[in-house]
S.K.: 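Sharing a structure with you now.
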Amino acid sequence: MMRTRPLKVALLGCGVVGSEVARIMTTHAADLAARIGAPVELAGVAVRRPDRVRAGIDPSLITTDATALVKRGDIDVVVEVIGGIEPARTLITTAFQHGASVVSANKALIAQDGAALHAAAEEQGRDLYYEAAVAGAIPLIRPLRESMAGDKVNRVLGIVNGTTNFILDKMDTTGAGYQEALDEATALGYAEADPTADVEGFDAAAKAAILSGIAFHSRVLLDDVYREGMTEVTAADFASAKEMGCTIKLLAICERAADGGSVTARVHPAMIPLTHPLASVRGAYNAVFVESEAAGQLMFYGPGAGGSPTASAVLGDLVAVCRNRLAGATGPGDSAYAALPVSPMGEVVTRYHISLDVADKPGVLAQVATVFAEHGVSIDTVRQQGKDGEASLVVVTHRASDASLSGVVEALRGLDTVRGVASIMRVEGE
Ligand SMILES: NC(=O)C1=CN([C@@H]2O[C@H](COP(=O)(O)OP(=O)(O)OC[C@H]3O[C@@H](n4cnc5c(N)ncnc54)[C@H](O)[C@@H]3O)[C@@H](O)[C@H]2O)C=CC1
Ligand SMILES: N[C@@H](CC=O)C(=O)O
Ligand code: NA
């Protein structure tokens, strides 16, 4: 039966995502009410620039005082789409204290303060949902938290940042320059307020921390995630990748150690074979593989960024949280009981593609090969191209630990015949 008294929603932030949340709430009001069992009313919209024209939003709902809005006491759900750590963190905490549940898209905040925010929600008997925070529209948090709650996840691997995938895709397929592609991604609403978060891998690392925590029922913080961005990926790297039948993607990889006693989480560019499903993930799309003991391999794919796709995930959470409120219940909260430690990057084992500038003279190849052998790193293939006394040497290794590879690189830099290490890239997905 439909309840007549509406559930009241406060929207914090009305930018790329917030404006789409407001639009869908208005245009789909009747369907949302039918699905929830009560009307959902936009009761206030906190913005920074009140003079801006906001189509479809009653101007009387607009306020610049987000704190007063979350303190009103009659708000059932606060939707936080401001982004950043403060004032978002204080506003969410205040919302719980004043009886509201919270839906957020804020991966930076959840990765940093998720445990404290979950505790605040639990203390007040309220919900904290954030499906939009990881991989935009793709249902990933709830499948991991709920659908897979009876299974044992061993690995989560994928593309979780739309902006960088958009840029890398453009660089690879159209030869576009980095800045040009980034400007386009920003104009399309994919990039963070400060796109450094995207291109330097902080956004993907926040998502990897959230995913690892949920997948492995452990506390994984942003600082636990090894991070390399994609700003140093060059056209030459794409050319090398092509020669190997690969392309380059910024990947997030969260793994349980073989002995089950620890986990690792990392974000870095990697070469992947063109035949791998991740290679055909284009534009701002994301795709994530989840490997678990009972289910085997699952793939989640869809739009990872953009106002409307992200609003879809926010609205899904809003419906879930509203249903919980009507039932007088809360959804599943934080789960970190396994408390698995996070191992350092040195223990990660994978393959490497190393490009060296070397002197083009007899014995260099043997010298280089000896360095690899001395560090226990086995070589898969070597390709050499010589020109005017200089040569480039491309070495692809078998699986080796990151610590061993670092030892190799340091030793190579010490060789007179090695003029420079032009690039080092991990090779995944084989
Ligand atoms: N744009 C996207 O594709 C996605 C964004 N997200 C997340 O969603 C959140 C919002 O992102 P966007 O909408 O893209 O950002 P945006 O920058 O377009 O919108 C944020 C809005 O919040 C407003 N704001 C800032 N401080 C405020 C305050 N104290 N009170 C009221 N309003 C305030 C800003 O003026 C801006 O209009 C971020 O946490 C972001 O990481 C998550 C997934 C995808
Ligand atoms: N800036 C982010 C937005 C979605 O999370 C991205 O590009 O993926
Ligand atoms: Na999602």
Side-chain angles (χ1 to χ4, degrees), residues 3 5-13 21 36 38 40-41 43-44 46 65-134 141-142 144-146 149 206-207 209-224 313-340:
R3 188 179 92 157
R5 188 163 57 81
L7 288 152
K8 294 193 178 181
V9 176
L11 180 63
L12 310 184
V21 170
I36 291 166
V40 195
E41 176 188 299
D65 193 346
T67 305
L69 180 57
V70 299
K71 281 184 174 175
R72 259 172 49 168
D74 63 336
I75 301 296
D76 295 289
V77 186
V78 167
V79 174
E80 183 275 307
V81 278
I82 287 174
I85 304 300
E86 283 296 355
R89 174 173 50 197
T90 302
L91 289 168
I92 290 176
T93 311
T94 309
F96 289 136
Q97 286 161 355
H98 288 79
S101 283
V102 172
V103 173
S104 172
N106 194 335
K107 46 279 167 110
L109 178 60
I110 302 294
Q112 181 177 307
D113 288 319
L117 293 174
H118 271 294
E122 201 174 328
E123 201 176 312
Q124 304 294 333
R126 295 296 179 247
D127 275 325
L128 172 63
Y129 275 43
Y130 41 87
E131 183 60 73
V134 181
I141 301 285
R142 249 178 301 150
L144 278 172
R145 205 193 276 294
E146 298 182 32
K207 291 163 177 169
I210 295 170
L211 288 174
S212 308
I214 295 172
F216 306 130
H217 298 271
S218 296
R219 190 74 62 217
V220 180
L221 302 174
L222 183 57
D223 285 347
D224 294 325
V314 171
L315 263 294
D317 278 355
L318 180 61
V319 169
V321 165
C322 286
R323 285 174 175 157
N324 290 346
R325 278 198 80 111
L326 289 184
T330 52
D334 202 16
S335 170
Y337 74 90
L340 294 172

S.K.: Any chance you could measure S104, atom OG, to L91, atom CG, to the nearest 0.5 Å?
M.R.: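 Atom-to-atom, S104:OG and L91:CG are 11.0 Å apart.
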S.K.: Report yes or no: does E80 contribute a side-chain atom to a donor-acceptor pair with the main-chain N or O of V102 at less than 3.5 Å?
M.R.: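 No, the answer is negative, given that no donor and acceptor are paired below the 3.5 Å cut-off.
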S.K.: Could you tell me which non-hydrogen atom of V78 sits nearest to which non-hydrogen atom of A100, and how far apart they are?
M.R.: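 Closest pair (atom of V78, atom of A100, distance): CG2-CB, 3.9 Å.
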S.K.: Between R126 (side chain only) and G99 (backbone N and O only), is there a donor and an acceptor less than 3.5 Å apart?
M.R.: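 Yes, R126 side chain to G99 backbone: donor-acceptor pair under 3.5 Å.
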S.K.: Rounded to the nearest 0.5 Å, what's the gap from CZ on R145 to CG on D334? Could you check?
M.R.: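 The CG atom of D334 is 6.5 Å from CZ of R145, to the nearest 0.5 Å.
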S.K.: At what distance, to the nearest 0.5 angstrom, does CG of D127 lie from CD of E122?
M.R.: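 One finds 11.0 Å between CG of D127 and CD of E122.
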S.K.: Please report the interatomic distance NZ(K207) to NZ(K107), rounded to the nearest 0.5 Å.
M.R.: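 Separation between the atoms: 4.0 Å.
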S.K.: Should V134 and I214 count as side-chain neighbours, where that means a heavy-atom distance under 4.5 Å?
M.R.: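 With C-beta onward as the side chain, the pair stays apart.
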S.K.: Taking side chain as C-beta onward, heavy atoms only, is N106 less than 4.5 Å from I82?
M.R.: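 A side-chain contact is absent here, since even the closest heavy-atom pair is not under 4.5 Å.
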S.K.: Measuring from atom CZ of R323 to atom CG of L318, what distance do you get when rounded to the nearest 0.5 angstrom?
M.R.: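 Output value for this atom pair is 10.5 Å.
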S.K.: Go through the steps for V40 and V77 under the test side chain to side chain contact (heavy atoms under 4.5 Å, CB included), then give the verdict.
M.R.: CA-CA 10 Å; V40 195; V77 186; over 6 Å; no
S.K.: Distance-only criterion, 3.5 Å: show the donor-acceptor pairs between side-chain atoms of residues 110-120 and protein atoms not counting sequence neighbours.
M.R.:
{"residue": "D113", "atom": "OD2", "partner": "R89", "partner atom": "NH1", "Å": "2.6"}
{"residue": "H118", "atom": "NE2", "partner": "Y130", "partner atom": "OH", "Å": "2.8"}

S.K.: How long is the straight-line distance from CG of D317 back to CG of L128, given to the nearest 0.5 Å?
M.R.: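 Spacing of CG (L128) from CG (D317) equals 9.0 Å.
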S.K.: Check L326 against A38 and note the closest heavy-atom contact, atom names and distance.
M.R.: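 Looking at all heavy atoms of both residues, the closest pair is CD1-CB, 3.9 Å.
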S.K.: Would you confirm whether D76, through its side chain, and K8, through its main-chain N or O, come within 3.5 Å as a donor-acceptor pair?
M.R.: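 Judged by distance alone, yes, a pair lies under 3.5 Å.
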S.K.: Could you go through the side chain to side chain contact (heavy atoms under 4.5 Å, CB included) check for H98 and V70 one step at a time?
M.R.: CA-CA 7 Å; H98 288 79; V70 299; over 6 Å; no
